[in-house]
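What follows is a set of notes on a single structure, which appears directly below.
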Amino acid sequence: MLRNLARAMAIAAFAASLGCASNTYLPKDFGKAEKSAEEAGPLGGPSLDQRRENMLRMYKDLVHFRTSLRDAATRGDRTTTNALGFFIGSYMNMHLDPLLDGEWQSRHPELWGMDADLRLAKADVLERMNETNRASKTLDELAARYKGREDMLVDYPLGSESPLGKAIKLLRDGI
C-alpha cells in the first residue's frame, strides 16, 4: 500500500513538473550582463586604480597568449594552436571586449596609453590566430579613437616603444 502511494506521488510530482515547463526559449542576450554605472562612465580614485590593474592584467595575458601562439606555430602544433585560438577567442569575448567597449578610457589621460597598448596587443594576437578581419577592425577602431594622437608612444612592437601611427602601420603590414 505504501509502495503504491509513493509511486502515485512520484508520478503526480513528475506530471506537475511537466505542467510548469514551457517551450519558450531564452533570448540570445539572456546571459549578457548589463553594464554597471562604473563601467558606463569615467572613474576616479580606487575604481580607476582597479580598472588600470584589470587592463594591465589583461595586457599581460595577451602577451602570454601571443608567446604561446608563436611557440605552437614554431613547433607546427596545429592542435595546440586551434585549442589556444578557441580559448583566446572566448577570453576576448567574455573579458577583454567588455572592458574595451567604453570610449571614455581612450580619452582618460591616466588610461589612454594602456587602452591603446591593449588594443594593439589584441590586434597582434588576432593576427596570429589568422583572424585578419577582426584584427583589421580592431586597428580601424584604434585609429579612429586616437585620431590626432598618432605620435603618442605605445608598447609596440611588444617590448619596445614606438609612435602609435607607426605601430598601427607595422601591424597593418603584417596582416
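FYI, side chains are in, hydrogens and waters are out, and symmetry mates aren't considered; it's all heavy atoms of this structure.
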**Prompt:** Taking it one step at a time, do Met92 and Arg134 satisfy side-chain contact (heavy atoms from CB on, under 4.5 Å)?
**Reply:** CA-CA 11 Å; Met92 285 183 181; Arg134 282 182 67 191; 4.1 Å; yes

**Request:** Decide yes or no for Arg52 and Leu111: does some side-chain heavy atom of the first lie under 4.5 Å from some side-chain heavy atom of the second?
**Result:** yes

**Asked** Going only through I, L, V, M, F, W and Y residues with side-chain contacts under 4.5 Å, is there a path from Val125 to Leu170?
**Response** yes

**Complete:** Here the gap from Leu142 atom CG to Lys147 atom NZ, rounded to the nearest 0.5 Å, amounts to 13.5 Å

**Message:** Working note: Lys122 + Asp97, criterion side-chain contact (heavy atoms from CB on, under 4.5 Å); need CA distance, chi angles, decisive distance, verdict.
**Reply:** CA-CA 10 Å; Lys122 176 184 175 183; Asp97 291 342; 2.6 Å; yes

**Request:** Among Leu118, Asp117, Leu96, find the residue that satisfies the side-chain contact (heavy atoms from CB on, under 4.5 Å) test when tested with Met55.
**Result:** Leu118

**Complete:** Smallest heavy-atom separation, Ala167 atom then Val154 atom, equals CB-CG2, 3.8 Å

**Rounded distance [0.5 Å steps], CD in Glu141 versus CD in Glu103** = 7.5 Å

**Prompt:** Are the side chains of His108 and Leu48 in touch, meaning some heavy atoms are under 4.5 Å apart?
**Reply:** yes

**Prompt:** Once you round to the nearest 0.5 Å, how far does CG of Leu164 lie from CD1 of Ile168?
**Reply:** 4.0 Å

**Prompt:** Going from CE on Met114 to CD on Gln105, what distance comes out if it is rounded to the nearest 0.5 angstrom?
**Reply:** 11.5 Å

**Message:** I'd like to check Leu62 versus Tyr59 (side-chain heavy atoms, cut-off strictly below 4.5 Å). Are they in contact?
**Reply:** no

**Message:** Has Ser136 got a side-chain atom pairing as donor or acceptor with Thr132's backbone, closer than 3.5 angstrom?
**Reply:** no

**Cluster check Tyr146, Trp104: I/L/V/M/F/W/Y, side chain < 4.5 angstrom** = yes

**Request:** Say whether, by atom type as modelled, one donor and one acceptor occur between the side chain of Asp124 and the main chain of Leu120 under 3.5 angstrom.
**Result:** no

**Request:** May I ask you to check whether over 12 heavy atoms, not counting those of Arg78, lie within 6.0 Å of atom CZ?
**Result:** no

**Pairwise side-chain contact, Ser106 with Arg119, heavy-atom cut-off 4.5 Å (strictly under)** = yes

**Prompt:** Looking at Ala135 and Ala123, what are the two nearest heavy atoms and their distance?
**Reply:** CB-O, 3.6 Å

**Request:** Assess whether side-chain hydrogen bond (donor to acceptor under 3.5 Å, both in side chains) is satisfied between Asp61 and Tyr91, documenting all intermediate values.
**Result:** CA-CA 10 Å; Asp61 289 346; Tyr91 174 88; 2.6 Å; yes

**Item:** CD-CZ distance between Glu53 and Arg57, expressed to the nearest 0.5 angstrom
**Value:** 9.5 Å

**Prompt:** Under a single-linkage definition using a 4.5 Å side-chain heavy-atom cutoff for Ile, Leu, Val, Met, Phe, Trp and Tyr, are Leu99 and Phe87 assigned to the same hydrophobic cluster?
**Reply:** yes

**Message:** I need the Arg51 CZ to Leu56 CG distance, nearest 0.5 Å.
**Reply:** 14.0 Å

**Request:** Report yes if some heavy atom in the side chain of Ile88 is under 4.5 Å from a heavy atom in the side chain of Leu69; otherwise report no.
**Result:** yes

**Prompt:** Should the pair Arg107 and Trp112 be classed as cation-pi, given the thresholds of under 6.0 Å to the six-membered ring centre and 45° from the axis?
**Reply:** no

**Request:** State plainly whether the residues Asp140 and Lys137 are in salt-bridge range, i.e. N to O under 4.0 Å.
**Result:** no

**Backbone N/O of Pro157 and side chain of Ser160: donor-acceptor pair under 3.5 Å** = yes

**Asked** Under 3.5 Å, side chain of Glu150 to main-chain N/O of Gly148, donor-acceptor pair present?
**Response** yes

**Request:** Before accepting this row, confirm whether a basic side-chain N of the pair Lys169/Asp173 lies closer than 4.0 Å to the acidic partner's carboxylate O.
**Result:** yes

